[in-house]
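Worth saying up front: this structure is predicted, and the values here are computed from it rather than measured.
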Amino acid sequence: MEREKRAASLPLGAGDGYEDLTLHLPETHPVSWLWELHRAEHGAVAPCHISLDKGAEGVLAPGTETEELERLSRLLADAGRARMLRAMSPRGTLADLPAGLIFFLPRDGMSAWMLAFPPTGRGQELTASMLLRALAEEKIVFGLDRELLNRLLSRPDRYFHLWLIARGRPPAAGEDGWVEECFPREVPLDFPDGRGARVDYTALRRICPVKAGEVICRLIPPGTGTQGRTVRGEPLPSEPGKPAGLLKGRNTLLSEDGSRLIAAREGHVIFTGRFFEVRTTLEIDGDVGSATGNLNYLGDIHIRGDVRSGYTVRATGSVMVDGAIEGTSVEAGNDLMVGQGVQGNGKAEIRAHRHVYARYLENCTVYTGGDLYSDCVIGCELYCDGHIQVTTGRGAVIGGVLRAGRGMRAGSIGARNELRTEVELGGQPYEDWQRKQVLRELDEMERAEAEAARQPDSPQVQQQRADLRLRRAVSRMRLDRMDRRSAQDRPADKTSPVTLTAERLYPGTVLSIDGISRAVERTMDACRVTLEHGRVRFSKEEGGKDGVGANP
């Protein structure tokens with residue numbers, strides 16, 4: 001009893017916050033007196049152990065431990081006092097009392113605990129019938145630990161021990177609803193790799209055709225959850241899952257019950273980043289020239305012939321050209337696919353906000369926010385935020401300036417006659433160019449506004465000023481959007497080292513990685529070029545000796 005004596009001043013003394021959820025009863029407590037009486041009658045007995053074991057996860061609601069321990073203490077004091085009064089006969093001798101049971105249920109009814117008092121005098125020991133009768137009277141019917149109850153009758157520590165005999169079932173919330181997508185968000189390309197591999201650029205189609213009335217995606221409803229139950233069998237309602245929603249894009253409609261997104265017309269499915277929409281394709285059976293004029297289309301364009309010099313093509317979606325592009329301007333809001341190639345004659349300007357696929361690129365300027373794939377690049381100026389891949393077909397890069405944000409792979413770079421070929425890796429070349437364009441536009445608009453301010457006031461001048469203010473606001477929004485996107489992409493760039501790999505590098509080639517440059521002075525085969533510790537490093541892709549380039 002030394003422990004109980006030390007805790008006499010702490011009737012609930014389980015330490016600060018009742019960390020072990022155990023009641024340490026003083027000698028004067030009625031239950032302590034009953035235990036001492038039991039020991040006096042039977043000699044060595046199991047120690048008193050009263051604990052709301054926190055090791056049984058979920059037995060007590062979080063934050064209620066102290067309150068429940070205090071309720072248990074009051075229950076034991078009252079029950080022990082009543083048992084003491086019954087145990088002492090008027091003549092001062094022990095009354096013949098059978099074993100007694102008390103039950104403790106937390107306020108939420110999700111668990112049931114039992115403590116048994118031993119018989120006194122010639123009273124009856126604890127029996128199964130006593131247990132069943134007491135459980136029925138307390139209406140404890142659900143989640144009973146029957147294995148424990150069966151073993152309890154023969155355990156030497158069955159008395160003065162708080163047992164967890166039943167646990168309720170908490171309600172389980174239903175699963176959230178979700179959207180089942182019947183079309184992929186992006187169509188993967190099985191693009192061959194390796195020099196000499198043949199690519200049919202006319203067959204590249206990164207689209208998912210859809211017919212009117214076809215289901216694009218459907219709602220999977222949320223689950224209703226599983227009803228809970230207390231140890232007394234009382235039902236506990238469950239929370240249903242959160243429903244998902246369908247965002248309706250262009251040329252789509254919702255079914256009458258709102259559970260399906262359906263194509264409103266024939267076309268192809270595009271995921272915009274927020275929702276699916278159906279885009280139609282403008283089909284040009286021949287060339288873009290005098291018969292068609294310039295093209296400016298809200299959607300995708302499929303040109304089965306060539307794009308002739310002097311005629312521009314603009315599309316908010318993808319542009320597919322089965323033939324060639326001559327000295328002109330073509331812009332795609334998505335991908336640009338050129339079946340033959342671009343023969344620019346120094347006049348072609350190609351821009352794609354995503355990827356560019358072309359059999360060859362010659363004497364043209366290309367801007368792309370994604371990756372660039374080609375069999376051959378000759379005398380071009382490229383601005384590419386992704387990877388430049390010139391590994392199929394001839395796999396040759398000859399002359400020009402190529403800028404790639406994330407790296408480059410090619411069969412050969414440069415030429416035997418040491419034609420100057422510049423490769424710059426790192427950064428965001430396309431976005432940097434866009435930013436310069438926007439800043440240039442802002443400067444021009446500020447000069448135009450200053451000029452308009454000097455003119456006499458008139459309705460025409462007022463309209464000019466309003467137009468300039470609107471255009472300036474739009475340009476500043478574009479600039480802010482580019483800055484935010486650049487800040488988001490920058491951490492990813494740091495984790496991925498920028499590299500160049502080539503089967504052959506010729507003299508006359510100048511390589512630059514993150515502003516650190518080095519010229520190739522001799523023909524090198526199977527090269528891998530990286531930036532290590534501020535120095536451009538050449539190494540063999542497979543075996544061979546490494547060479548470290550000195551910085552200029």
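- Shown here for K347 and G327, the closest heavy-atom pair between the two residues is CB-CA, 4.1 Å.
- Between atom CZ of residue R537 and atom CD1 of residue I513 there is a gap of 12.0 Å, rounded to the nearest 0.5 Å.
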Apply side-chain contact (heavy atoms from CB on, under 4.5 Å) to S539 and T530, showing your working.
-> CA-CA 8 Å; S539 60; T530 57; 5.7 Å; no
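- Using a 4.0 Å cut-off between a side-chain N of Lys or Arg and a carboxylate O of Asp or Glu, D432 and R435 qualify as a salt bridge.
- N345 and E326 share no side-chain donor-acceptor pair at under 3.5 Å.
- Aromatic ring orientation, H355 versus Y373: perpendicular (interplanar angle above 60°, classes split at 30° and 60°).
- Using a 4.5 Å heavy-atom cutoff, the side chains of R420 and V510 are in contact.
- Here R218 contributes atom CZ and E181 contributes atom CD; the two are 12.0 Å apart, rounded to the nearest 0.5 Å.
- F271 is not listed as a side-chain neighbour of P184, based on a closest heavy-atom distance of 4.5 Å or more.
- Judged purely by atom type and a 3.5 angstrom limit, D335 has no side-chain atom pairing as donor or acceptor with the backbone of S318.
- The two atoms that bring L236 and M110 nearest to each other are CD1-SD, 3.4 Å, heavy atoms only.
- For R454 and E451, the salt-bridge test passes: some basic side-chain N is under 4.0 Å from an acidic carboxylate O.
- For R471, the CZ atom sits in a loose shell: 12 or fewer heavy atoms of surrounding residues, nucleotides or ligands are nearer than 6.0 Å.
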Could you walk me through whether T365 and Y383 pass the side-chain contact (heavy atoms from CB on, under 4.5 Å) check?
-> CA-CA 8 Å; T365 303; Y383 297 81; 4.3 Å; yes
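- Considering only heavy atoms from C-beta on, L511 comes within 4.5 Å of L505 through its side chain.
- Remark: E239 CD is loosely packed, at most 12 non-hydrogen atoms of other residues, nucleotides or ligands lying under 6.0 Å away.
- Residues S374 and R359 approach most closely at OG-O, 3.4 Å, considering heavy atoms.
- Between the side chain of T328 and the main chain of S309, no donor-acceptor pair closer than 3.5 Å is present.
- With T312 contributing its side chain and N294 its backbone, the two residues share no donor-acceptor pair below 3.5 Å.
- In terms of heavy atoms, L531 sits closest to V536 at CD1-N, 3.8 Å.
- Put simply, the side chain of E331 reaches to within 4.5 Å of the side chain of H353, judged on heavy atoms.
- Atom-to-atom distance recorded for T391:OG1 and E503:CD is 8.5 Å, nearest 0.5 angstrom.
- When atom types are taken as modelled, the side chain of Q462 and the backbone of Q460 share no donor-acceptor pair closer than 3.5 angstrom.
- Considering only heavy atoms from C-beta on, L282 comes within 4.5 Å of I284 through its side chain.
- The side-chain heavy atoms of Q389 and D371, taken from C-beta on, include no pair separated by under 4.5 Å.
- Side chain of T281 to main chain of E283: no donor-acceptor pair is present (N/O by atom type, distance under 3.5 Å, no hydrogens or angles).
- The line from CD1 of I303 to CD1 of I325 is 7.5 Å long, rounded to the nearest 0.5 Å.
- Between L361 and C376 there is no side-chain heavy-atom pair separated by less than 4.5 Å.
- Using a cut-off of 4.0 Å between Lys/Arg side-chain N and Asp/Glu carboxylate O, D375 and R394 are scored as not salt-bridged.
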Would I262 and S255 satisfy side-chain contact (heavy atoms from CB on, under 4.5 Å), going step by step from the backbone distance to the final call?
-> CA-CA 7 Å; I262 298 171; S255 61; 4.1 Å; yes
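- Counting heavy-atom neighbours within 6.0 Å of E175 CD, excluding the residue itself, gives a total of 12 or less.
- Heavy-atom minimum distance, L442 versus R476: CD2-CG, 4.0 Å.
- Atom CG of L298 and atom OG1 of T280 lie 9.0 Å apart (nearest 0.5 Å).
- With hydrogens and angles left out, the side-chain atoms of T523 and R416 include no donor and acceptor closer than 3.5 Å.
- Looking at D287, its side chain does come within 3.5 Å of a backbone N or O of D306 through a donor-acceptor pair.
- Looking at heavy atoms from C-beta onward, C384 lies out of side-chain contact with R406 at the 4.5 angstrom threshold.
- Between R403 and E381 there is a salt bridge, with a side-chain nitrogen of the basic residue lying less than 4.0 Å from a carboxylate oxygen of the acidic one.
- Atoms CG and SG, from L500 and C527 in turn, are 8.5 Å apart once rounded to the nearest 0.5 Å.
- Among all heavy-atom pairs drawn from G426 and V498, the shortest one is N-CG1, 4.0 Å.
- Within the 3.5 Å criterion, the main-chain N or O of R279 finds no donor-acceptor partner in the side chain of N251.
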Check the pair L261, F275 against side-chain contact (heavy atoms from CB on, under 4.5 Å), reporting the backbone distance first and the verdict last.
-> CA-CA 10 Å; L261 185 70; F275 45 73; over 6 Å; no
